[in-house]
Amino acid sequence: SFSYQDHKNIDEPYGTYDVMFTDGMYAFRNPDDLCGVIDKHGRELIAPKYNRLEYMANGYFLAWIGEQCGVIDKNGNTIVDCTYDAVQSWQEADGGKKTVNIIYKDGKWGIMDNDFRILAEPRFTEIEPCGEFWNTGFIKVCGKTAPEKYGLLSTDGKVLLDCRYDAISDPSEGRIAVRSGEKWAYFDYQGRQITEFIYSEAMDFSDGLAFVKGEKTGFVDKSGKLV
């Protein structure tokens, strides 16, 4: 949607205009109700053929044809075809440059990298950043429902844990607590299992130790040894 305002230095036939996106670029909507982009001098940058446009970052726009979404650059080149129900970006806070792009189609989520290359096709019913996301780069995904089964991906699309677990905790100090049925175990950041599924409780690691409760209660170190 657009909040319209007049820009007196821009003449017809461009009709109505949006607020400035960035770097002097304006969205416009032509008499056929299609959107494009012009610069502050009225030069057409993106031809009006989209039902909706939203500025993302770094010269990219979300673009809709009908209800289907894709990505174009500031020159109007198609980067991602308008075949998805949604495209979203996770941006690193505080001026960070890291980006993970998320795609949604037919009720399933997938992942694209910073350059919009597909890393994981839409096949997950849920997807969310896991814990200290920009430090660990882990994404928790749900592969099926009733009951939900969870797995873990890296931001490069590598499967670290298959979607067959009932719960996955946030990563801590190189270890991840994972529940299968009623029991917990620990895995490392490469997806290698460190302990058996023997604990009824398994807390996050702190200062190299994690509290566990099972047949024996106490603390385990990062090797999985009860200390």
Peer 1: Do S169 and I176 have side chains that approach each other closer than 4.5 Å (heavy atoms only, starting at C-beta)?
Peer 2: yes
Peer 1: May I ask you to check whether F211 and F219 place their ring centres under 6.0 Å from each other?
Peer 2: yes
Peer 1: Taking N75's backbone N and O only, do any of them form a donor-acceptor pair with D73's side chain (distance below 3.5 Å, no angle check)?
Peer 2: yes
Peer 1: With a 4.5 Å heavy-atom cut-off, do R43 and I38 have their side chains touching?
Peer 2: no
Peer 1: Could you tell me if the side chain of V212 sits less than 4.5 Å from the side chain of L226, heavy atoms only?
Peer 2: yes
Peer 1: Are F28 and P48 close enough that some pair of their side-chain heavy atoms sits under 4.5 Å apart?
Peer 2: yes
Peer 1: Are V80 and L62 joined in one hydrophobic group, where the rule is that I, L, V, M, F, W and Y side chains link up if heavy atoms are under 4.5 Å apart?
Peer 2: yes
Peer 1: Measure the spacing between CD1 of I72 and CG of L53 and express it to the nearest 0.5 Å.
Peer 2: 5.0 Å
Peer 1: I'd like to know whether V71 forms a side-chain contact (heavy atoms from CB on, under 4.5 Å) with V87, so could you lay out the CA-CA distance, the side-chain angles of the two residues, the decisive distance to 0.1 Å, and finally the verdict.
Peer 2: CA-CA 8 Å; V71 178; V87 179; 4.1 Å; yes
Peer 1: How about Y50 and W64: are their ring centres within less than 6.0 Å of each other?
Peer 2: no
Peer 1: Closest approach of D188 and Q190, non-hydrogen atoms and distance?
Peer 2: OD1-N, 2.9 Å
Peer 1: Verify the cluster assignment for V227 and M203: are they in a single hydrophobic cluster under the rule of side-chain heavy atoms below 4.5 Å apart?
Peer 2: yes
Peer 1: Can you give me the closest heavy-atom contact between A177 and A202, atom names plus distance?
Peer 2: CB-O, 3.9 Å
Peer 1: Could you give me the CA-CA distance, side-chain angles and deciding distance for E182 and S200, then say whether side-chain contact (heavy atoms from CB on, under 4.5 Å) is met?
Peer 2: CA-CA 7 Å; E182 299 300 320; S200 58; over 6 Å; no
Peer 1: For residues Y104 and V141: do they belong to one hydrophobic cluster (side chain heavy atoms under 4.5 Å, members Ile, Leu, Val, Met, Phe, Trp, Tyr)?
Peer 2: yes
Peer 1: Does the pair D221/K225 count as a salt bridge with the N-to-O cut at 4.0 Å?
Peer 2: no
Peer 1: Give me the atom names and distance for the closest heavy-atom approach of W90 to I127.
Peer 2: CH2-CG1, 4.2 Å
Peer 1: Please determine if R117 and D115 form a salt bridge, counting it only when a charged side-chain N lies under 4.0 Å from a carboxylate O.
Peer 2: yes
Peer 1: Please determine whether the number of non-hydrogen atoms from other residues, nucleotides or ligands lying under 6.0 Å from atom CD of E128 exceeds 12.
Peer 2: yes
Peer 1: Can you name the closest pair of heavy atoms from T99 and N114 and give their distance?
Peer 2: CB-OD1, 3.0 Å
Peer 1: Kindly work out whether a path of hydrophobic side-chain contacts (I/L/V/M/F/W/Y, heavy atoms less than 4.5 Å apart) joins I118 to I102.
Peer 2: no
Peer 1: Would Y150 end up clustered with F197 when hydrophobic side chains under 4.5 Å apart are linked, directly or stepwise?
Peer 2: yes
Peer 1: State yes or no: are the ring centers of Y55 and Y60 separated by less than 6.0 Å?
Peer 2: no
Peer 1: Looking only at atom types and distance, does a side-chain atom of N101 sit under 3.5 Å from a main-chain N or O of D113, one as donor and one as acceptor?
Peer 2: yes
Peer 1: I'd like to check I139 versus L152 (side-chain heavy atoms, cut-off strictly below 4.5 Å). Are they in contact?
Peer 2: no
Peer 1: Please test W109 against F124 for ring pair (Phe, Tyr, Trp, His ring centres under 6.0 Å), starting from the C-alpha separation and ending with a verdict.
Peer 2: CA-CA 5 Å; W109 295 93; F124 304 109; over 10 Å; no
Peer 1: Return the CG to SG distance between L160 and C130, rounded to the nearest 0.5 Å.
Peer 2: 10.0 Å
Peer 1: N30 side chain to D32 main-chain N or O, any donor-acceptor pair under 3.5 Å?
Peer 2: yes
Peer 1: Quick check: closest heavy atoms across V37 and M25, and the distance to 0.1 Å?
Peer 2: CG1-CB, 3.9 Å
Peer 1: What distance separates I111 CD1 from I103 CD1, expressed to the nearest 0.5 Å?
Peer 2: 8.5 Å
Peer 1: State, yes or no, whether a side-chain contact exists between I198 and W184 at a heavy-atom distance under 4.5 Å.
Peer 2: no
Peer 1: In Å and rounded to the nearest 0.5 Å, what is the CZ to SG distance from R52 to C69?
Peer 2: 8.0 Å
Peer 1: Calculate, to the nearest 0.5 Å, the distance between atoms OG and CG belonging to S154 and L161 respectively.
Peer 2: 11.0 Å
Peer 1: Atom NZ of K140 and atom OH of Y165: how far apart are they, to the nearest 0.5 Å?
Peer 2: 14.5 Å
Peer 1: Any side-chain donor-acceptor pair under 3.5 Å between Q68 and D85?
Peer 2: yes
Peer 1: So, for I194 and K222, which heavy atoms are closest and what is the spacing to 0.1 Å?
Peer 2: CG2-O, 3.6 Å
Peer 1: Considering only heavy atoms from C-beta outward, does the side chain of F187 approach that of T195 to under 4.5 Å?
Peer 2: no
Peer 1: So, the side chain of E173 versus the backbone of G208: is there a donor-acceptor pair under 3.5 Å, distance only?
Peer 2: yes
Peer 1: Parallel under 30°, tilted from 30 to 60°, perpendicular over 60°: which one fits the rings of Y189 and F138?
Peer 2: perpendicular
Peer 1: List the steps, then state whether side-chain contact (heavy atoms from CB on, under 4.5 Å) holds for K149 with D166.
Peer 2: CA-CA 5 Å; K149 295 293 182 180; D166 296 293; 2.8 Å; yes
